[in-house]
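What follows is a single structure, written as structure tokens, with notes after it.
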Amino acid sequence: MAAEAPPSQLQAQIDIPAPPPCSADDSLASETLREQKLSFFASRYTRRRRRRRSDTWIISLFVILHVLTFVLTMAVNDCWRKSHRDCALGAFGRLSFQPLRENPLLGPSASTLDQVGALRRDFLTENHKTWLFFTFPCLHAGAIHLVINLCSVVFIGIHLEQEFGTLIAGLIYVLSAFNGTLVAALFIEKRPAVGSSGALYGLLGATLSALIQNWDLYTNKFTALASVLLVAIGNFLLGLLPYVNNFSNFGGFVSGFLLGSVLLSGPQVREVVQGKGGLLDNDLKSSIRSRLRQKLDRPVYRSVCLFLFVLMLAGCFVAVSQGLNMNQYCKWCRYIDCVPSKRWSCSEIEAFCETMVSNEQMTLTCMSNGNFKVLPFTNISQARMNDLCSMICS
């Protein structure tokens, strides 16, 4: 009788079935997304530099146009001559600024802002200057406003343009600026105001929309959210000073968020899938791309956002064309746009001054509070007299 095989040999002959393989689509898709987590504002540097510097030309163009417009505004202001050298930073000569007591943002006078295209209620209701809708979003109240606004535009806008393209970034910028102007016109008062920050808030709204839509793709999402809120709060506080309109910021932000929800459908996801190159075959790429599009594109959500944007644009346009003044229904809304101070006035009361000329001197006396100012000259324009009268009466 043959000897039995040792137990070790019997165990060696037993076939142990292998566990069923995982789905290739699911494992590789999850691995792809997990490995390609992106830093929100730094993602354009960590990825392969496929884009050229020229990809940011639209934001750069807007910045240059704003700077040139401000220089032209200060040249028209000509504080050195019109204010008889009573200027801040007089070394700049014709480009010097009005005194801080007149413009705390280091900028032009109120009459100059009116001249170059600032928005004012009586200009719309009485003079029907509709061209102000196009100049209003291009103006800055002063050098401080210019620097803070443009630095914010560069920080937010260049990221959007590099991530989503020149056409989309430019479209969001322009439409947000225009819609913000319409919202501002509903709350504008009888003092000059500028609204260049409306376009910036449109970029902020679009950035927030992109961050929310692609929340799972980013590693520093809370840092990015804090950055957006910090820029928004800083520019809002700036809007509490004279001549800067805050209502255009609200209109621009809502417009930018709605447009971002429509136009920014997660390009980072598409780049992640394509960036694997030869590691994934075409069928698997198509499968992952299809699943992610179904998850992120949300056609119903985007359609609703587009409808809301068109409704907002049309509603504001009709309201402005009918001359609606929202300040009649919201008495406290003016304090969102201007905080009263000892240095300036936020009221709509028109200032009236009595003029007396003697011995090459001019004395302006406010009729409402009795304050007066003696000027060592008499050759002064009516517009400049109105500026000084407003300062005395406030």
Side-chain angles (χ1 to χ4, degrees), residues 66 69 73 102-105 107-142 145 149 174-202 235-256 312-341 344-351 383 386-387 390 393-394:
H66 278 299
T69 302
T73 301
E102 183 176 354
N103 189 332
L105 293 171
S109 63
S111 58
T112 298
L113 289 176
D114 286 335
Q115 186 177 354
V116 297
L119 204 60
R120 191 195 284 257
R121 174 156 296 279
D122 49 350
F123 287 176
L124 295 177
T125 57
E126 299 175 9
N127 302 328
H128 304 289
K129 296 182 178 180
T130 54
W131 55 272
L132 296 178
F133 289 113
F134 302 98
T135 56
F136 171 80
C138 301
L139 300 175
H140 288 82
H145 184 206
N149 180 262
V174 173
L175 291 179
S176 298
F178 183 72
N179 211 1
T181 302
L182 293 178
V183 174
L186 297 176
F187 294 89
I188 203 70
E189 299 189 67
K190 294 182 179 180
R191 60 174 183 267
V194 298
S196 58
S197 298
L200 165 64
Y201 274 79
N235 283 272
F236 172 78
L237 295 178
L238 195 66
L240 298 178
L241 297 177
Y243 309 130
V244 182
N245 188 277
N246 256 339
F247 292 103
S248 65
N249 299 343
F250 296 146
F253 184 84
V254 175
S255 300
M312 177 183 178
L313 183 65
C316 290
F317 183 82
V318 172
V320 171
S321 62
Q322 296 296 320
L324 179 64
N325 183 4
M326 291 299 298
N327 294 305
Q328 297 177 353
Y329 307 97
C330 181
K331 301 298 182 181
W332 55 267
C333 286
R334 65 184 61 185
Y335 299 111
I336 299 178
D337 190 39
C338 181
V339 175
S341 170
W344 61 79
S345 174
C346 295
S347 64
E348 283 192 285
I349 300 176
E350 295 186 16
N386 294 337
D387 292 336
S390 298
C393 293
S394 63

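All residue numbers refer to positions in the sequence shown, counting from 1. No experiment lies behind these values; they were computed from the predicted model shown. Below, all heavy atoms of this structure are taken into account, side chains as well, without hydrogens, waters or symmetry copies.
- Between Phe136 and Ser248 the shortest side-chain heavy-atom distance falls below 4.5 Å.
- Remark: the backbone N or O of Lys190 is not paired with any side-chain donor or acceptor of Arg121 at under 3.5 angstrom.
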side-chain contact (heavy atoms from CB on, under 4.5 Å) evaluation trace for Val244 with His140: CA-CA 8 Å; Val244 182; His140 288 82; over 6 Å; no

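- With Pro108 as the fixed residue, the side chain to side chain contact (heavy atoms under 4.5 Å, CB included) test singles out one of Asn103, Val116, Asp114: Asn103.
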Can you check side-chain contact (heavy atoms from CB on, under 4.5 Å) on Asn327 and Glu189, steps first, answer last? CA-CA 8 Å; Asn327 294 305; Glu189 299 189 67; 3.7 Å; yes

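- Residues Phe236 and Phe250 meet the side-chain proximity criterion, which asks for heavy atoms closer than 4.5 Å.
- Atom-to-atom distance recorded for Leu124:CG and Ile188:CD1 is 7.5 Å, nearest 0.5 angstrom.
- Between Tyr243 and Ala110, the shortest heavy-atom contact is OH-CB, 3.8 Å.
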side-chain contact (heavy atoms from CB on, under 4.5 Å) evaluation trace for Thr181 with Phe134: CA-CA 8 Å; Thr181 302; Phe134 302 98; over 6 Å; no

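- Annotation: Trp131, atom CH2; neighbour count of heavy atoms from other residues, nucleotides and ligands within 6.0 Å is above 12.
- Here the straight-line distance linking atom OG of Ser390 with atom CD of Glu102 works out to 9.0 Å at 0.5 Å rounding.
- For Leu240 against Tyr335, the heavy-atom pair with the smallest separation is CD2-O, 4.0 Å.
- Between Phe133 and Val320, some side-chain heavy-atom pair lies under the 4.5 Å cut-off.
- With values rounded to the nearest 0.5 angstrom, Asn325 atom CG is found 10.5 Å from Cys330 atom SG.
- Closest approach of Asp337 and Asn245 over heavy atoms only: OD1-CA, 3.1 Å.
- Interatomic distance, Thr73 OG1 to Leu113 CG, rounded to the nearest 0.5 Å: 7.5 Å.
- The salt bridge (Lys or Arg N to Asp or Glu O under 4.0 Å) pairs that include a residue from residues 237-252 number zero, where partners must be two or more places apart or lie in different chains.
- Residues Val318 and Ser321 approach most closely at O-OG, 2.7 Å, considering heavy atoms.
- For Ser255 against Asn179, the heavy-atom pair with the smallest separation is OG-ND2, 2.7 Å.
- Partners of Asn246 according to the side chain to side chain donor-acceptor pair (under 3.5 Å) rule, which considers only residues two or more places apart in sequence or in another chain, are Asn249.
- When side chains are defined from C-beta on, Met326 counts as touching Leu324, because their heavy atoms get closer than 4.5 Å.
- With a 4.5 Å cut-off on side-chain heavy atoms, His145 and Ser197 count as touching.
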Give the C-alpha distance, both sets of side-chain angles, the deciding distance and a yes or no for side-chain contact (heavy atoms from CB on, under 4.5 Å) between Thr69 and Leu139. CA-CA 7 Å; Thr69 302; Leu139 300 175; 3.8 Å; yes

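- Using a 4.5 Å heavy-atom threshold, the side chains of Leu313 and Phe317 count as separate.
- Residues satisfying the ring pair (Phe, Tyr, Trp, His ring centres under 6.0 Å) criterion with Phe187, sequence neighbours excluded, are Phe247.
- When all heavy atoms of Leu105 and Pro242 are compared, the closest pair comes out as CD1-O, 3.8 Å.
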